[in-house]
Each structure stands twice: as C-alpha cells, then as structure tokens.
Amino acid sequence: MNVLITGAAGGLGRAMAVECAKRGYNLFLTDINAHGLQSIRLGLERQYGITVATKCCDLTSSNSVDGLTSVLDRHAIRFDMLLNVAGIDFEGGFQSIGREQIVSIVNLNDAATLRITHAILERRRGNKPFYAVFVSSLASMFPMPLKATYAASKRFLLDFALALRQELKHENANVLVLCPGGMVTTEDVAAAIDAQGFWGSITTNPLEKVAKKTIDRVLAGEAQYVPGAFNRLLSVLGGIIPRRIVAAAIHRRWNSTQKKWLQKQE
C-alpha cells in the first residue's frame with residue numbers, strides 16, 4: 001500500500017508514519033521541515049526496510065504543491081491512502097494573536113488540506129480501494145472562545161470529511177475524520193495540556209495509540225473516530241447542551257487555563 005502523509009516530520013504525523021511502516025506500507029512523507037523529514041526517512045528505512053520518499057512542501061503554497069505533484073507524476077507514483085495531518089494553532093484569544101497568524105490557521109488547516117486532497121484524489125492507484133483520513137479535533141464539536149479560529153477550522157474539516165465520504169462511496173473509497181482531544185506533539189502543547197490540570201490529563205490520548213486505531217478504523221470503513229471514552233461523552237454532551245451555554249462554560253475554563261500557560265512562557 002502506498003501512503004502519503006502530510007505534517008509527517010513530527011507529532012501525530014510522525015506517529016502515523018511509524019504505524020504505517022510497521023504494517024509494511026510504502027510512504028511518501030511531506031512537511032515544511034526538511035531536516036525532520038530526512039531524519040524520519042532514514043530511521044524508518046533502517047528499522048522497517050520499507051520504501052520511504054520525502055518532499056519538503058509548503059502546503060499553503062499552490063506553487064509548492066505543484067512542485068510536489070510534478071515529482072509524483074515524473075515517477076508515476078500513485079496512492080492507496082492519504083493521511084491529512086498537517087495543521088497549526090496559536091494559544092490566545094482572537095485579538096491577542098497577530099492577524100497573519102490567525103489567517104495562517106485557516107490557510108493550513110483548511111485551504112491547504114483541500115489543495116493536497118484534491119491533488120491526491122487525482123492520483124489514486126487504479127480501481128483499488130482508497131482511504132483518506134482528515135485530522136479534525138474534539139474542539140470542532142464546540143464553539144470555543146479563546147480558540148475560536150482553530151475550533152472553527154477543525155469544524156470545517158469535520159463537515160467536509162463527512163460530506164466527501166458520501167461523494168466517494170461509489171468510487172470504492174472511504175473517508176474517516178479523526179477528532180482527538182489533547183495529544184502531546186510539542187513541548188508547547190505539553191505545557192498547555194499541563195496548564196489544564198485534570199481536564200487536560202483526562203482528555204489527552206497517546207499518539208501511538210491514536211495512530212494505530214485511526215488506521216484500523218479507516219480500513220474497517222468507519223466514518224468518525226473520537227479517541228477516549230470521556231472525549232466521546234463530551235462530544236455527545238456538546239450536541240445536546242445549547243451552544244451558547246457550552247461557549248460560556250468553555251470560556252470560563254479556558255480563560256484561567258490560558259493565563260496559567262502564558263505565565264509559564266514568560
């Protein structure tokens with residue numbers, strides 16, 4: 001199986017690459033971090049004996065994605081699976097984050113994901129089954145004050161993935177949307193989770209476990225995966241309680257949490 005993974009140089013993308021390598025899949029990894037790509041390529045090839053190709057790419061740039069697809073076409077590379085992992089967020093309220101940082105969240109999480117997905121759907125391998133994963137978030141299920149842009153960008157991915165799944169059903173393809181809670185992907189994320197205390201720990205899931213179960217579930221034809229029993233309960237409650245009440249409750253919690261996190265960064 002040939003798999004393309006975005007955001008593959010670290011965090012969940014790296015965990016997904018390791019999980020696919022364990023299964024003997026051939027990988028094409030892309031990320032904006034060229035050094036990180038080189039490091040994971042060498043490690044996976046040495047440990048698992050699979051074929052790993054990499055291409056540094058800025059998914060927010062149409063020209064950069066065109067450069068990636070030209071490599072694919074030059075070598076006639078076609079895919080059985082796409083794992084859309086690349087994403088970004090910044091801590092702080094809407095007005096406390098720079099304007100271009102706010103826009104970059106939507107550019108990468110949404111526009112760039114659409115760009116690479118469209119390109120790879122045109123490069124599926126024959127009539128074989130095709131699988132696509134979109135990494136949304138538990139935050140996509142709630143109005144999230146102080147993480148408003150991020151949560152809304154992930155809501156877009158949730159709705160888009162479920163809709164695309166229906167479009168592709170007749171084409172022997174399955175789309176799954178992953179909606180995880182917290183995951184320790186960087187030191188900053190770890191600090192943010194730690195600042196949440198009990199709520200941070202109970203909603204956080206191990207990267208390796210999430211990666212394994214995500215691949216299992218998309219291959220099984222499932223549509224949505226929320227890791228963790230407590231997170232699944234929260235997702236149900238989020239659909240029952242009026243959204244304005246949810247927004248007020250989340251604001252109270254995140255207001256104190258972000259203050260703690262920002263104090264640790266000073």
Side-chain angles (χ1 to χ4, degrees), residues 1-23 25-34 36-37 39-41 43-44 52-61 64-65 68 79-89 104-121 130-140 150-151 153-158 160-161 164 174-186 188-189 204-219 222 224-227:
M1 184 175 289
N2 295 338
V3 183
L4 188 144
I5 306 176
T6 72
L12 181 60
R14 188 182 186 94
M16 290 284 198
V18 171
E19 178 60 33
C20 288
K22 289 179 179 178
R23 297 171 188 242
Y25 299 165
N26 297 316
L27 301 177
F28 193 104
L29 309 179
T30 185
D31 198 291
I32 201 168
N33 179 353
L37 283 177
S39 174
I40 189 172
R41 181 184 69 81
L44 292 177
V52 181
T54 63
K55 172 65 175 170
C56 185
C57 180
D58 177 2
L59 298 178
T60 65
S61 164
S64 187
V65 173
L68 184 150
F79 294 99
D80 308 286
M81 182 181 290
L82 167 64
L83 304 179
N84 278 309
V85 183
I88 195 171
D89 187 24
S104 71
I105 294 173
V106 178
N107 282 343
L108 181 56
N109 293 2
D110 296 334
T113 299
L114 296 183
R115 183 178 289 115
I116 191 65
T117 299
H118 195 277
I120 299 307
L121 285 176
F130 183 81
Y131 306 93
V133 171
F134 291 81
V135 178
S136 179
S137 170
L138 184 64
S140 69
Y150 174 78
S153 74
K154 292 297 187 176
R155 181 71 188 195
F156 174 89
L157 290 181
L158 172 62
F160 174 76
L164 183 64
N174 183 55
V175 176
L176 177 139
V177 57
L178 169 64
C179 300
M183 293 183 294
V184 180
T185 54
T186 66
D188 282 349
V189 171
T204 298
N205 305 107
L207 285 172
E208 295 76 12
K209 185 176 181 180
V210 171
K212 181 182 185 305
K213 290 197 171 184
T214 297
I215 302 300
D216 287 342
R217 289 172 185 247
V218 71
L219 292 175
E222 296 188 25
Q224 186 172 338
Y225 173 38
V226 180

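For reference, positions follow the sequence shown, starting with 1. Everything quoted here is computed from the prediction, not taken from an experiment.
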Donor-acceptor pair, side chain of T54 and main chain of T30, under 3.5 angstrom: no
Side chain proximity check, L68 to F28, heavy atoms < 4.5 angstrom: yes
Close side-chain approach of L83 and E19, heavy atoms under 4.5 Å: no
Side-chain heavy-atom pair I215, C20 within 4.5 angstrom cut-off: yes
Distance-minimising heavy-atom pair for V85 and G7: CG1-O, 4.5 Å
Side chains of L44 and L29 in contact at under 4.5 Å (non-hydrogen atoms): yes
Spacing of L157 atom CG and L164 atom CG [to the nearest 0.5 Å]: 11.5 Å
Donor-acceptor pair, side chain of K154 and main chain of V135, under 3.5 angstrom: yes
Test item: D58 side-chain N/O and I32 main-chain N/O as donor-acceptor pair under 3.5 Å: no
Heavy-atom side-chain proximity of K212 to R23 below 4.5 angstrom: yes
Distance in Å, M16 CE paired with M81 CE, rounded so as to fall on 0.5 Å steps: 9.5 Å
Shortest non-hydrogen contact between L59 and A86, atoms and distance: CD1-CB, 4.0 Å
Minimum heavy-atom distance between D110 and S153, given as atom pair plus value: OD1-O, 2.7 Å
Beyond-backbone contact of V133 with R217, side-chain heavy atoms, under 4.5 angstrom: no
Shortest non-hydrogen contact between F134 and N84, atoms and distance: CE2-ND2, 3.4 Å
Side-chain touch V177/V175, heavy atoms, less than 4.5 angstrom: no
L158 to S140 - nearest heavy-atom pair and separation: CD2-OG, 3.6 Å
Heavy-atom check, side chain of V226 versus side chain of L138, under 4.5 Å: yes
Candidates L121, I120, L114 - the one meeting side chain to side chain contact (heavy atoms under 4.5 Å, CB included) with T117: L121
Shortest non-hydrogen separation from V218 to Y131 and the atoms involved: O-CD2, 3.4 Å
Sidechain-backbone polar pair: N174 side chain, E222 backbone, donor-acceptor under 3.5 Å: yes
